[in-house]
Structure formats: C-alpha cells, structure tokens
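Proteins get letters first, then strands, A, B, ... in listed order; numbering begins at 1 in each. Values below: all heavy atoms of this structure, side chains included; hydrogens, waters and symmetry mates excluded.
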2 protein chains.
Amino acid sequence: MAVDRLYALLERLGNLLRTEERAAGLRHGLQPVHLQALRYLQSCNRYSNTPAALTEYLGLTKGTVSQTLLLLEEKGLLRKQPDTEDRRVVHLLLTEDGRAVLKEALPPELFKRALSGLPGEGEVLEATLTGLLRALQTANAQRSFGACGTCKHFQREGPGRFRCGITKEPLSREDSQLLCREHEAVPPGA
Amino acid sequence: MAVDRLYALLERLGNLLRTEERAAGLRHGLQPVHLQALRYLQSCNRYSNTPAALTEYLGLTKGTVSQTLLLLEEKGLLRKQPDTEDRRVVHLLLTEDGRAVLKEALPPELFKRALSGLPGEGEVLEATLTGLLRALQTANAQRSFGACGTCKHFQREGPGRFRCGITKEPLSREDSQLLCREHEAVPPGA
DNA sequence: CGCATTTAGTATCGAGTCGATACTAATCGG
DNA sequence: CCGATTAGTATCGACTCGATACTAAATGCG
C-alpha cells in the first residue's frame, strides 16, 4: 500500500512539474523536453555534451533527440561544434540566448517558493530521492549521470587539484560539480 | 543550489516513471496518460469519478481528457454511467478488464523493487513529498485530491461511522480512504 | 416564470513529441 | 583492408495536447 501511495505521489509531482515546464516554455515557444535538454547541457561536463549523452540522459531514442536539437539550434539556443578527435561526434554548446532562457524559466518560480516552505532545507529529501533514483536507474540499466566528484574514478591529487581516472585529464573544482555520462557511484563502504 | 538539484531530481524521477509507464502501457496499447486515468478512477470516490474531476486531477484540458476517455471506453476498460441527479454529468466506472490492466501494469515491478531497497519503509519520504505536493498545489491553485478521511469536512460519528460535511452523506471506512475532488487538508493545529 | 449565464461534456483541427526504420559517415578491430 | 560498430540525421506515422467551437442541462437573477 505504501508503495502505491509513493508511486502516486511521484507521478503527480512529475506531472505538476511538466505542467509548469510547459507553461514556462510556452513563453519561448519551447516544450518541456526542450527545457530539460537545455538544463542538462548547462550542467554536464565537456565529455557529456553530445547528442548521444543527452539521449541516454533523457531516456529517448536518438532520432527523437536529434529533432529536439535541430529545433533548439534553429532557435539559436545552442550551437554544434565538431569534435576535434572523433569527426562523428559533435558537442552541444549553449549560446547566451540559451542560457538566458534557462535562467528565466527553470526552476519555476512556484517550485522555489513551495520548496522554501519545506522544513530543513531538503537535504534529507535530496539524499532519499537520490537513493531512489539510483535504485531505479540500476534496475533499468541506465547510467546515473551523477556529479563528477562523486564518481569512483574521481581522483584527488591535492587541494583543488583532481583528475579523472578514465581520461587521465586534470579536473578543476568546477569540473568536479558537473554531470558526467561515465559517472559511477562510489561503491558503499569505500 | 539545493533547489536546482531537487528540481532536477524530481524531474528525472518523473521522466523515469513516464518511461516505465510507457513500456508498461505498450503491452495493452496504452499511453502513460491512460494508465494514470485508470489509476485515478480506481482510487477516487463516487463524487469524483467524472470527466471534470479527472481533468482537474491530471491538469489537462477537458477536450484532451474527453479523447482519452473515448479511447478507454472503446477498449472496454471503463464504462460511462449517466448521473441520476444532474443529467449533464456522467460517472466513469472501471470494468473488470480495466481493473485487470491496472493490476498488471501499476506500479511497475521495477519501482516496487527499487523502493524495497530503500531504508526505513519510506514513511518519512511519503510525508515530505506530500507536503511538497500540497505546497505546489496551493501555489498553482489546484485541488489536492487527498484521501477523504484527511479532509476538514470529514466528521467522525463513532467507530467506523463517518459523514461528509459537504454532502451530509454517511461514509464507510472504505470511503474514507478514497480520493475526493472536494478534499481540503485539515488546517495545521486542528 | 423567462432568459442570460454557467457548467459538463463532446467534436474537430493543428502543432508538436516520440518511436521505428532506414540511411550516411567515421571509427574500430581483426 | 574490410566487416562491424558507433554518432548522428532524415522521414514517416501514431498519438498527445491545447484551442476553438459546439450542444445540452442546470442555475441564477430580474
């Protein structure tokens, strides 16, 4: 029974957020999925700003995402930059307009206000929901897209000096907070 | 910052649930919104099983919901029963087939398993999310659709004997657990 | 009562998402 | 060097959703 109620709650919250996103995007002629794409591109790292990574993040097919990106590019909210190493790959970079739209639209004002009324700043809620999300993602064989600094390949070399164990490249403090498609959570008890 | 992370979390959970609903509905030729409609109709009370109530619940327009209901009726998952008092109103009743589809599809198996791995049974999570949902609903001037027994018009007359302060009708214990479109939360400190 | 207003629900249309399929081009692997 | 894989695009059809317009029943106010 508690499972059913929790499911209903999450479903309803998801619907509400979508409705708000729809309203927020309407002002710019954007759909919910467009805002979600922009938000992802704003918070992912330089290894993860590609159509393929966005496809995995959104859980859609690559054809669908390709259309989404076409529209965003036409509107001038992002631009495509060919990868210098692998010429099949393009990188998606937000334009100033894209950043401006996001800043104006997300998260919705109503959400911020509703959240401010919650007790305790929501750290516990964030931790619980993260756990739930991880469980669902592993169950669906999906990637976690967590912050770089919480990955098991993240190496600390000194104060403010980090390195990625996969690419072997150095990482800044800002890098460590961005989402990565290669992210794997640190195994419990490490 | 915490607000942004929480927003992203809820958005992602919502997307995941939609994806799972899409997969679950595919087996019956149903879309996510169809399963959501069926689930609502299964858990709402006799005052709230109308197209108008469902429209408010889902946050869509009545035209959209009308189409959804047409499809569900054609598939034999629900039937329409004219109201005896107000001849503009119809009541939506799940058929046996409708109930069977729901039982098979919702909540998704993966969700149940993921939740079972969470610490502490989720009562705290349920309470927190309910609070967040209520806050968002009041901010959007939406109805809460809470369980009848948690409404400020719910009257206790004895063990297992209740009454609705609006309709003045008696309510059973089962009635008290169903969702109502007229639901208003008990004001804090009552 | 009588008539305008409101409410419940339906019908239709167009814009847009999304998955499926098929395709090109580049890279990888033996 | 050539088949297999991977990144991305193009096109099509099914479907959702909002907007608009509509009917029918109830309500309210003079």
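Rounded to an integer number of Å, the gap from CZ of B/Arg18 to C1' of D/dC17 is 11 Å. Regarding A/Tyr57, its OH atom lies at a distance of 21 Å from the C1' atom of D/dA7, rounded to whole Å. At whole-Å resolution of the value, CD in B/Glu74 and C1' in D/dC15 are 14 Å apart. Rounded to whole Å, the distance from CG on A/Leu71 to P on C/dA15 is 14 Å. Nucleotide D/dC15 holds its P atom 8 Å from the NZ atom of B/Lys75, rounded to whole Å. Distance CG (A/Leu35) to P (C/dT17): 11 Å, rounded to an integer number of Å. As rounded to whole Å, 15 Å separates atom C1' of D/dG8 from atom CG of A/Asn49. Here C/dG19 presents its P atom at 17 Å from CG of B/Leu30, a figure rounded to the nearest Å.
Heavy-atom neighbours of A/Arg173 CZ from other residues, nucleotides or ligands within 6.0 Å: at or below the threshold of 12.
Nearest to the side chain of A/Gln67, among D/dG8, D/dC17, D/dT11, sits D/dT11. Distances were taken from every side-chain heavy atom of B/Pro51 (C-beta onward) to each of D/dA26, C/dT10, C/dC18; the shortest belongs to C/dT10. Side-chain atoms of A/Val33 lie closest to C/dC18 of the nucleotides D/dC17, C/dG9, C/dC18. Which of D/dG18, C/dT7, C/dG9 sits closest to the side chain of B/Thr64 comes down to D/dG18. With C/dG19, D/dA26, D/dG18 as the choices, the nucleotide that has an atom nearest any side-chain atom of B/Arg87 turns out to be D/dA26.
In terms of phosphate contacts, A/Arg88 brings no side-chain nitrogen or oxygen within less than 4.0 Å of OP1 or OP2 of D/dG8. An OP1 or OP2 oxygen of D/dT20 is reached within less than 4.0 angstrom by no side-chain nitrogen or oxygen of B/Lys62. For the pair B/Lys80 and C/dT10, the criterion of a side-chain N or O lying under 4.0 Å from OP1 or OP2 is met. Taking side-chain N and O atoms only, A/His34 has a distance below 4.0 Å to OP1 or OP2 of C/dT17.
Across all strands shown, B/Thr68 has no heavy atoms under 4.0 Å from either base or sugar-phosphate atoms.
In terms of hydrophobic clustering, with Ile, Leu, Val, Met, Phe, Trp and Tyr side chains grouped at heavy-atom distances under 4.5 Å, A/Leu102 and A/Tyr57 are assigned to a common cluster. Taking hydrophobic clusters as Ile, Leu, Val, Met, Phe, Trp and Tyr residues chained together by side-chain heavy-atom distances below 4.5 Å, A/Leu70 does not share a cluster with A/Leu93.
Checking A/Gln31 against A/Glu85, the closest nucleotide of DNA chain C that is more toward the 5' end is the one next to A/Gln31. Between A/Leu70 and A/Leu26, the residue anchored closer to the 5' end of DNA chain D is A/Leu70, taking for each the nucleotide with the nearest heavy atom. Of the residues near DNA chain D, A/Leu69 and B/Asp86, the one whose nearest nucleotide (by heavy atom distance) lies more toward the 5' end is A/Leu69.
Using a 4.0 Å cut-off between a side-chain N of Lys or Arg and a carboxylate O of Asp or Glu, A/Arg18 and A/Glu21 do not qualify as a salt bridge.
The aromatic rings of B/Tyr7 and A/Phe111 stand perpendicular to each other, their planes meeting at an angle above 60°, with 30° marking the opposite boundary.
Residues A/Glu73 and A/Lys80 have side chains in contact (heavy-atom distance under 4.5 Å, counting atoms from C-beta outward).
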